[in-house]
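Input: a single structure, listed below in structure tokens.
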There are 2 protein chains.
Amino acid sequence: MTERAVVKAVEVVVWLRTLIHERTLLTGMRLPSERVISEQLQTSRVTTREALKMLETQGLIYRSNRRGWFVTPPRINYDPGRAMFFMEYVAEQGFKPFSHQISKKRVLADTALASLLSIEEGDSLVELKRVRGADNRPVYVETILLPERRLPGIYDHDLAHSVTTVLKEEYNKPCMNVELEVISSSLDKDAAEVLQAPVGYTSVEIHRVSRDAQGALVEYDVEHWRHDALKLKVEFNIRS
Amino acid sequence: MTERAVVKAVEVVVWLRTLIHERTLLTGMRLPSERVISEQLQTSRVTTREALKMLETQGLIYRSNRRGWFVTPPRINYDPGRAMFFMEYVAEQGFKPFSHQISKKRVLADTALASLLSIEEGDSLVELKRVRGADNRPVYVETILLPERRLPGIYDHDLAHSVTTVLKEEYNKPCMNVELEVISSSLDKDAAEVLQAPVGYTSVEIHRVSRDAQGALVEYDVEHWRHDALKLKVEFNIRS
DNA sequence: GCAACGCTTTGGTATAGACCAGAATTCCTG
DNA sequence: CAGGAATTCTGGTCTATACCAAAGCGTTGC
């Protein structure tokens, strides 16, 4: 045995994981407090916290600021290729979805944004921010940018519910083509606050560029998801 | 000011991030040791480590077992929709790619696997494991399953380089349709070892089901990526 | 020239203790 | 009994210290 017989933090991980798997701890339930776990398994609080953070990375548990650690609910299946709305597909999966608009304003495209979206520098964009979640738990924040020149009067439409619907029905511009970019990242202060997560919390960042049938950009969207709340599904045909 | 003026760990984060952004620390370079940083910023090693872990979550730095912390190289763009091979598209991005086969064997489909892949229980599958990376840094491990019944003699082909090519040229079964499932997760012991990362390291898990033009499954693939090495890109048309 | 050994440095793991901020609860008072 | 105040409980941050295992390096001896 060159290795230490056990790593204490892993011992704690295994203990808690067992409790969850054998359903002694159910989805949404609070775990025993850090101090109680430490005492129970004869370890220090630092070690216990390390174990909890491992389980958090695995997505098995999450914390709510100064309230405790909880068993993570199932992930939301998200398929950006389906022409459906958040409220619909989340409800379809048995959750109670919600969606709140945080802000709506005009911004001007700077150089970087202009080239990214292939529009003119200085063009006006409608910026929409919102949070969405399920069962009272916020799961992602998103910022949507809409080029006003291509979508005249878009600012005055009700965009709180479904931007896609407005684009399709009011502008006759259904989004036909989507470019996704997905990376694993971490929440900055603002996003963390909205998602009630700690700063630096692991996140999945999704950038989405949507184009109409003519190939013109009609929507640019950046989403920051809690990493443990998302199962991304995509289906497509190979371009050869 | 109800809040503490500064969080020490964040102070360390900012200090290091600045060094990286102003290119005092370049891609691939080793950071000062934890003890040196602690002394320099008048903080404890525990706090310094917390800061380092935050930067790791952000994907800015990574550690190599007991050797130190290093500045993360750029992410690899991975587009599963392009009919290209790892070696090609990685080289195209200016990296030196490598690919090593870990194992190749036959396995029998259990109930779960059979229903997942829509094949018969007990059917024989060829299981291929390999690691791939760039510039001497392993970035993902994958396990490929190939149904032998649909691909007679597949076991005896050279699969070390490109499974896609073999499927296309030897079996006349180019993969036409792909179903992706992406979640953020963490590395188990085996994967961590191969990727030279700590157990529990944040990872991106990609499941890929590929079908031929007739809709028959020809390849099932599970990939575990270092979270900081991947930028996933997908392009597709909306199914309405 | 190089292999073997041993010291130094690095991160990895763990402990004990302290204080803070905010959430939840209890208790007390009008 | 309602509303506000005090208390308790929870995680959040930080310090100081200790020992271990492996990587890296330098020295020594052939």
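Proteins come first, then strands; the chains are lettered A, B, ... in the order of their sequence lines, and each starts at number 1.
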Fill in: side-chain N/O B:Ser64 vs D:dA23 OP1/OP2, d < 4.0 Å
no
Discussion item. OP1 or OP2 of C:dT10 versus the side-chain N and O atoms of B:Ser33: is any pair under 4.0 Å?
Written reply: yes
Item to complete: Look at the side-chain N and O atoms of A:Arg67 and state whether any lies under 4.0 Å from the OP1 or OP2 oxygen of D:dG11.
Response: no
Discussion item. Can you identify which nucleotide, out of D:dT15, D:dT13, C:dG12, has its nearest atom closest to the B:Val46 side chain?
Written reply: D:dT15
Item to complete: Return the nearest nucleotide to the side chain of A:Arg45; candidates are D:dC14, D:dG11, C:dG12.
Response: D:dG11
Worksheet item: Only one of A:Ser186, A:Ser185, A:Ser184 forms a side-chain contact (heavy atoms from CB on, under 4.5 Å) with A:Thr202, so which one is it?
Response: A:Ser184
Discussion item. Rounding to an integer number of Å, can you tell me how far A:Arg49 CZ sits from C:dG17 P?
Written reply: 18 Å
Discussion item. Taking the ring of A:Phe98 and the ring of A:His100, is the distance between their centroids below 6.0 Å?
Written reply: yes
Practice prompt. Would you indicate, yes or no, if D:dG12 has its OP1 or OP2 atom less than 4.0 angstrom from a side-chain nitrogen or oxygen of A:Arg63?
Written response: yes
Item to complete: Specify the separation, in whole Å, of atom NZ of B:Lys8 and atom P of C:dA18.
Response: 20 Å
Worksheet, complete the sentence: Looking only at C:dG11, D:dC14, C:dG22, the nucleotide nearest the B:Arg66 side chain is C:dG11
Practice prompt. Send over the distance from B:Glu34 CD to D:dA16 C1', rounded to a whole Å.
Written response: 16 Å
Worksheet item: Is the gap between the ring centers of A:Tyr201 and A:Tyr62 under 6.0 Å?
Response: no
Response to the item:
With the side chain defined as heavy atoms from C-beta on, A:Arg35 is closest, among D:dA23, D:dC14, C:dC19, to C:dC19
Discussion item. Applying ring-ring contact (aromatic ring centres under 6.0 Å, His included) to B:His161 and B:Phe85, what does each step give before you reach the verdict?
Written reply: CA-CA 9 Å; B:His161 302 301; B:Phe85 321 125; over 10 Å; no
Response to the item:
Taken to the nearest whole Å, CD/A:Glu50 to P/D:dG11 is 17 Å
Discussion item. In this structure, how many angstroms lie between the P atom of C:dG11 and the CG atom of B:Leu52, rounded?
Written reply: 8 Å
Practice prompt. Could you tell me the separation between the CG atom of B:Leu41 and the P atom of D:dC14, rounded to a whole number of Å?
Written response: 12 Å
Practice prompt. Taking the side chain as every heavy atom from C-beta outward, state whether B:Leu230 and B:Tyr140 have any pair of such atoms under 4.5 Å apart.
Written response: no
Worksheet item: In terms of side-chain heavy atoms of A:Thr43, which of C:dA23, C:dT15, D:dT15 is nearest?
Response: C:dT15
Worksheet entry | Atom pair distance, as rounded to whole Å: CG in A:Asn65 and P in C:dA21 | 13 Å
Worksheet entry | Interatomic distance where CD belongs to B:Glu11 and P belongs to D:dT13 [whole Å] | 14 Å
Worksheet item: According to a strict under-4.0 Å criterion, is A:Thr47 in side-chain N/O contact with OP1 or OP2 of C:dT13?
Response: no
